Enquirer: 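Submitted below is the structure of interest, expressed as structure tokens.
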Amino acid sequence: MGTGRPPAKRPPRPPLSAPLLLPLLCLLVTLLAPFARAAPSDETYEEDLQLTQLPDGKVLAEFRFLTRIGPAALAQVKENHYSLLPRAIGEIVQTFGVEELHLTFTRGIWNHQKWGYSPLSAATGVQLWTWFNVSSVDDQWKGLTHALSGLYCASLNQIDRSSTAEPMLSFRPEGDYEDDAAKDNLELRYGSLPHEAVCTENLTPWTKMLPCQTKAGIASLFNAYRLFDGHYHSMGTHIRPIAMNEGSARGMELLQTLSVVMNPLRLDNRKDWSLSTIFERKINSACAIAQKSDVTVTVSGHAGSSFNPAPLSTTTDKHGRMSAQYSLGSTPHELDVGVQWEDSAVDHHVNLTRSYIHVHRYQTGYGGERGGLAVDFHNRHPTADLQITYFETVPWYLKLYLHTLKAETTANASYEVVNDLYFQPAIDRGRPAVLEMALSLPANSMTTLHIDFDMAYIKYTEHPPDANRGFDIGAAVITFKPLDASPESSALQRIHTQTVLVSLPTPDFSMPYNVITLTCTLIALFFGSMFNMLTRRFVPVEAKL
């Protein structure tokens with residue numbers, strides 16, 4: 001039993017005096033010094049926003065987030081020390097031997113006839129092409145698609161060997177390499193998912209790879225309700241090697257892009273717009289890590305427009321378009337740029353000076369057994385012949401016949417349209433058919449390509465859940481060099497066709513259901529009767545009178 005006395009209180013310890021605390025801190029710093037690493041100085045981050053008022057009144061918003069990683073930072077990345085480069089991206093690049101990677105998530109179709117050409121336009125759905133510098137490319141490609149599927153919450157793991165192509169002419173390495181021999185050692189893989197839906201599940205992990213995410217900078221404008229309500233939106237991730245300085249080791253460039261087309265006329269029935277009206281948000285502050293954070297607004301150069309607030313500077317290009325420049329670093333308060341118009345009229349005409357190539361692809365034939373693909377190339381330039389590369393990948397269940405390929409043009413019948421041709425026949429459930437051609441389009445003419453195919457009878461387990469909707473054939477890729485580009489420039493422009501919806505022979509999926517229910521009913525009746533006869537005990541019952 002206790003004595004009931006309260007426990008004796010210990011006297012409080014005297015606080016450490018300054019003469020004793022300083023040596024302890026010095027000892028701690030000395031012990032941790034070998035494990036501390038200084039942040040690399042060859043990492044840079046920039047972001048900019050380009051807002052363009054299109055002739056038909058819509059507003060194109062192009063976000064660019066550029067991260068450059070120098071050789072010193074890459075050396076630390078190999079030792080699992082990360083700074084600006086997202087760890088998820090660094091591990092994917094190192095694990096699968098990726099030299100270049102281009103991934104886009106897109107919904108909608110870019111209207112080249114009214115909006116002109118854009119370097120951020122992409123094919124509908126998911127599009128991925130990657131350059132590898134490893135021996136077992138197929139295994140690394142499979143691992144890469146599965147890793148990106150988990151990273152972006154998408155169905156990229158469905159890009160298997162049956163939907164993977166190896167282009168020969170359309171895609172070239174875009175990074176900085178030591179020589180041409182280094183480019184020749186790379187291997188390319190291309191895949192697409194034309195029916196893939198793009199939503200906030202893909203946007204959220206994409207924004208988490210930004211240094212300031214959506215807390216500051218131009219990314220604070222990201223409002224999913226408005227971004228995915230536009231006529232067109234495309235989100236991209238691009239990785240390529242770059243040369244930081246002459247003669248130095250190569251670094252890495254990570255470019256994240258987002259392109260959105262919005263319609264202020266549909267929102268407010270006015271051509272005027274501002275950030276608060278199209279995004280319902282303003283830019284409150286700049287990203288502290290960004291060395292440059294700029295906003296540029298471009299409109300058609302006439303007196304009917306005015307910028308609000310007043311820009312830092314304005315410029316006018318050769319097409320008569322006027323651009324206003326803003327800098328988030330020199331903005332002391334929240335930024336809400338916009339354009340006000342005296343005349344609300346819009347122009348829906350096609351500008352032939354900006355979009356002189358128009359491509360239309362469609363299906364021909366009728367019935368559920370045979371059909372064909374046709375592509376119309378319109379060269380609207382009055383004097384110049386255009387050299388393009390056409391890339392088409394067709395799933396294995398459409399059996400292409402190369403001998404039925406025809407090329408016709410409205411120009412001189414003796415004009416040689418096809419300059420080069422690469423065709424890879426499909427293998428059932430093994431690889432798609434690939435058709436790639438170098439074409440020469442005569443000036444002011446229309447050229448038509450046509451090829452026939454047979455529709456395969458696939459297994460009922462290979463049909464999607466919405467089998468009666470049909471199968472999406474991914475967009476074709478057209479690559480060409482712009483006419484206004486300098487001869488020394490290696491920049492290429494890509495445009496994409498529409499996806500084609502093809503209906504394959506589809507079985508009646510209600511019949512298996514009927515067979516299953518009837519069979520289960522018969523088995524249940526038979527089993528129940530036999531089970532009762534074998535297990536029930538029959539005993540005499542005496543009736544009491």
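In what follows, residues are counted from 1 in the order of the sequence shown. Keep in mind the model is a prediction, meaning the values are calculated, not measured.
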Enquirer: Looking at Lys292 and Glu47, does any basic side-chain N land under 4.0 Å from a carboxylate oxygen?
Expert: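 No, no charged N to carboxylate O under 4.0 Å.
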Enquirer: List the steps and the verdict of side-chain contact (heavy atoms from CB on, under 4.5 Å) for Tyr152 and Met209.
Expert: CA-CA 11 Å; Tyr152 288 99; Met209 288 188 286; 3.1 Å; yes
Enquirer: Between the side chain of Asp336 and the main-chain N/O of Ser276, is any donor-acceptor distance below 3.5 Å?
Expert: yes
Enquirer: Could you state the interatomic distance from OG1 (Thr479) to CG (Leu169), rounded to the nearest 0.5 Å?
Expert: 9.5 Å
Enquirer: If only atom types and distance count, is the side chain of Gln291 paired as donor or acceptor with the main-chain N or O of Tyr45 below 3.5 Å?
Expert: yes
Enquirer: Show your reasoning for whether side-chain contact (heavy atoms from CB on, under 4.5 Å) applies to Phe377 and His360.
Expert: CA-CA 7 Å; Phe377 301 90; His360 176 57; over 6 Å; no
Enquirer: So that I can tick it off, tell me whether Lys183 and Glu174 are bridged by a salt bridge, with the cut-off set at under 4.0 angstrom between side-chain N and carboxylate O.
Expert: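 Salt bridge between Glu174 and Lys183, a charged N being under 4.0 Å from a carboxylate O: no.
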Enquirer: When you measure from the side chain of Ser285 to the backbone of Ala216, do you find a donor-acceptor pair of N or O atoms at a distance under 3.5 Å?
Expert: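 The answer is no, because no donor-acceptor pair under 3.5 Å joins these two groups.
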Enquirer: Measuring centre to centre across the rings, with the benzene-like ring taken for any Trp, is Phe222 within less than 6.0 Å of Phe63?
Expert: yes
Enquirer: Kindly say whether Glu201 contributes a backbone atom to a donor-acceptor pair with the side chain of Thr204 at under 3.5 angstrom?
Expert: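 Here the side-chain-to-backbone pair does not exist.
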Enquirer: So, does Asn157 use its side chain to make a donor-acceptor pair with the main chain of Ser149 at under 3.5 Å?
Expert: no
Enquirer: Should Ser136 and Gln140 be marked as a side-chain contact (heavy atoms from CB on, under 4.5 Å) after you check the CA-CA gap, both sets of side-chain angles, and the distance that decides it?
Expert: CA-CA 6 Å; Ser136 57; Gln140 300 299 330; 3.8 Å; yes
Enquirer: Tell me which pairs pass disulfide bond (SG atoms under 2.5 Å apart) where either residue lies in residues 87-172, with sequence neighbours left out.
Expert: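 For residues 87-172, and leaving out neighbouring residues, there are no disulfide bond (SG atoms under 2.5 Å apart) pairs at all.
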Enquirer: Is a side-chain N or O of Tyr190 found less than 3.5 angstrom from the main chain of Thr393, in a donor-acceptor match?
Expert: no
Enquirer: Kindly write out the residues that satisfy side-chain contact (heavy atoms from CB on, under 4.5 Å) with Ala123, not counting sequence neighbours, or none if the list is empty.
Expert: Gln127, Ala475, His496
Enquirer: What pair of heavy atoms forms the shortest contact from Thr104 to Ala122, and how long is it?
Expert: OG1-CB, 3.6 Å
Enquirer: Looking only at heavy atoms, which two atoms of Ala219 and Gln213 are closest? And how far apart?
Expert: CB-O, 3.1 Å
Enquirer: Let me see the working for Arg431 and Glu166 under salt bridge (Lys or Arg N to Asp or Glu O under 4.0 Å), right down to the final yes or no.
Expert: CA-CA 10 Å; Arg431 70 183 185 191; Glu166 303 176 22; over 6 Å; no
Enquirer: Just by distance, no angles: are the side chains of Tyr401 and Asp454 close enough, under 3.5 Å, to form a donor-acceptor pair?
Expert: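 Indeed, the side chains of Tyr401 and Asp454 share at least one donor-acceptor pair under 3.5 Å.
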Enquirer: Salt-bridge test for Arg189 and Glu187: reply yes if a basic N is under 4.0 Å from a carboxylate O, no otherwise.
Expert: yes
Enquirer: With Asn468, which residues qualify under side-chain contact (heavy atoms from CB on, under 4.5 Å), at least two apart?
Expert: Thr506
Enquirer: Hey, is Arg240 close enough to Glu253 for a salt bridge, meaning N to O under 4.0 Å?
Expert: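 Yes, charged N to carboxylate O under 4.0 Å.
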Enquirer: So, are Arg64 and Glu46 salt-bridged, with charged N and O less than 4.0 Å apart?
Expert: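 Salt bridge between Arg64 and Glu46, a charged N being under 4.0 Å from a carboxylate O: no.
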